[in-house]
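Written below as structure tokens is the structure these notes are about.
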Protein chains: 2
Amino acid sequence: MTTSTEENYLKAIYHLSTGNQNSVLTSAIAGSLSTSSASVTDMIKKLSDKNMVEYERYRGVKITRKGEKVALSIIRRHRLWEVFLMDKLKFKWDEVHDLAEELEHVSSDEMTRRLDAYLGFPKFDPHGDPIPDTNGKVHTNGQVLLSDIIKKGKYILCGVNDHSPSFLQYLEKKGLVPGSVFSIVEMDEYDNSMQIIFSNKKSIFISKEISKNLLVRNHE
Amino acid sequence: MTTSTEENYLKAIYHLSTGNQNSVLTSAIAGSLSTSSASVTDMIKKLSDKNMVEYERYRGVKITRKGEKVALSIIRRHRLWEVFLMDKLKFKWDEVHDLAEELEHVSSDEMTRRLDAYLGFPKFDPHGDPIPDTNGKVHTNGQVLLSDIIKKGKYILCGVNDHSPSFLQYLEKKGLVPGSVFSIVEMDEYDNSMQIIFSNKKSIFISKEISKNLLVRNHE
DNA sequence: AAAATATTTTAGACTTGTCTAAAATTAATA
DNA sequence: TATTAATTTTAGACAAGTCTAAAATATTTT
């Protein structure tokens, strides 16, 4: 079995792994979990002993298929609880993350299955992130980072990569929530910022820092 | 703040306190938590430092008003989650205890409040135990142990004091669930056993061991 | 390629919660 | 009441997870 501390490490390593297939560096994990590199090294050894990660001293870690499955099951629970908190308990999308962070460690496959059914088998959480299925498969539906887009056009916001309340509140103020449809009208080559316009003609400016955290999909 | 281990100790002490106002002995707590007396002594010192219990060496502990408030808030969460698991996720009454034992430590007053509202402000959990209100007040509604009953008559089963799956399954097989109405037809002075009869004329025998764990109320 | 810098790991210590075995205290018995 | 028995506490140790400071390894700069 895995402790909730181990689960948090695996989740962090999994998230840092997606996108780049390189090893994840100790310092990156430490930063992401707000802990010291020394602690990370200790835990990595433990996870390596359990075959959850492949570890090479001074070279970082790669998550194994086994570790990934654990991470995905935690992420699945996390996102299902987020849906519960928002749909049923009427929390706002910037309030659910921290609570789900606690609920995700209650480990019962049966409960997770029933929760899933009770919520109507949702495919995405309130932030637009896909909910892994029972087998740990993630259906991304062709989402890409807005910062990776090179062609002007019409897009729909599917999700975010930063779940901090402050970021979410910022987005909401700008009118950007999952489902928002907008067109890119201007892209600045120099600082990678862009200008977008909503269907209601309202136009806003988006910096590189923001667009790096927005998941979008082509719209039409 | 309290750790979930501290919370489990406080809950155990609270439960062992109700009924008798004497001090709770170290060994009783150890038994209830399946741990050693030495561990209990250690934790009791910690809880005493936090003014959660009054401790006298070799004499046991008394829970303080402060400790009781913590215990009751945990019990409130526990029972609300039990209602959720049974009403919403359709678990059976003998399956909810262990899961609620984990969920109860997710500590957010706001979430508890919303959960309470979402469930329709239930007053009792699936085992018939009263759910403490926000202020930590318990409304027992005049429930007493069946083993304390001295007068024959008609009673209704409101709850149980043993939440183990095996006990609950035993009761269910006998036709005893919260809400069951029955009449005591015979009471044995010698072994404190009794014979009861349901409205459908089915009659069963109840030993002292069983009746000690059944909460009943006068019916009419 | 050697020196300087940054990162990672080790070493040793701390906290929480646990244990066993021995000492202290209380309760029971003769 | 003195001795025996039972219970409780202390003492010392362990595991998990964390930390700081020092040593080891990598990376960057000159």
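Lettering of chains follows the sequences in order, A, B, ..., and the numbering in each one begins at 1. Note that the structure is predicted; figures quoted are calculated from it, not measured.
- Aromatic ring orientation, B:His78 versus B:His97: tilted (interplanar angle from 30° to 60°).
- The CD-P distance, from A:Glu56 to C:dT8, rounds to 14 Å in whole Å.
- Contact between the side-chain N/O atoms of B:Ser39 and the OP1/OP2 oxygens of C:dC19 is found at a separation under 4.0 Å.
- Taking only side-chain nitrogens and oxygens, A:Arg57 comes nearer than 4.0 Å to OP1 or OP2 of C:dT10.
- Relative ring orientation between B:Phe84 and B:Trp81 is described as perpendicular, the plane-to-plane angle rising above 60° on a 0-90° scale split at 30° and 60°.
- Of the candidates D:dT18, C:dT10, D:dT10, D:dT18 carries the atom nearest the A:Thr35 side chain, counting heavy atoms from C-beta on.
- Rounded to whole Å, the distance from CG on B:Leu33 to C1' on C:dC19 is 15 Å.
- Within the structure, every side-chain polar atom (N or O) of B:Lys45 is placed at least 4.0 Å from both OP1 and OP2 of D:dT9.
- Of the candidates A:Asp116, A:Asp125, A:Asp133, A:Arg76 forms a salt bridge (charged side-chain N to carboxylate O under 4.0 Å, His left out) with just one, namely A:Asp116.
- When the P atom of D:dT10 is taken as reference, atom CD1 of B:Ile44 falls 11 Å away, rounded to whole Å.
- Using a 4.0 Å heavy-atom cutoff across all strands shown, B:Ser27 reaches sugar-phosphate atoms only and no base atom.
- If you measure from atom CG of B:Asp42 to atom C1' of D:dA11, you get 10 Å, rounded to the nearest angstrom.
- Contacts of A:Ser36 with the nucleic acid, taken as non-hydrogen atoms under 4.0 Å apart, include base atoms.
- Nearest-nucleotide positions on DNA chain C place B:Met43 closer to the 5' end than the other of B:Ala38 and B:Met43.
- Between A:Arg59 and A:Thr5, the one whose closest nucleotide on DNA chain D sits nearer the 5' end is A:Thr5.
- Protein atom CG of A:Asn8 is 14 Å distant from nucleotide atom C1' of D:dA16, rounded to whole Å.
- Under the side chain to side chain contact (heavy atoms under 4.5 Å, CB included) rule, B:Val70 has a single partner from B:Met52, B:Glu6, B:Lys50, B:Lys11, which is B:Met52.
- Nearer the 5' end of DNA chain D, as judged by each residue's closest nucleotide, is the contact made by A:Tyr9, out of A:Tyr58 and A:Tyr9.
- Within 4.0 Å (heavy atoms only), A:Thr26 reaches sugar-phosphate atoms of the nucleic acid but no base atom.
- Salt-bridge annotation for A:Arg79 and A:Glu82: absent, with no side-chain N of the basic residue lying under 4.0 Å from a carboxylate O of the acidic one.
- For the pair B:Thr3 and C:dT16, the criterion of a side-chain N or O lying under 4.0 Å from OP1 or OP2 is not met.
- For B:Thr41, whose side chain is taken as the heavy atoms from C-beta onward, the closest listed nucleotide among D:dT9, D:dT18, C:dT8 is D:dT9.
- A:Tyr55 has a side-chain polar atom (N or O) that falls below the 4.0 Å cut-off from OP1 or OP2 of C:dT9.
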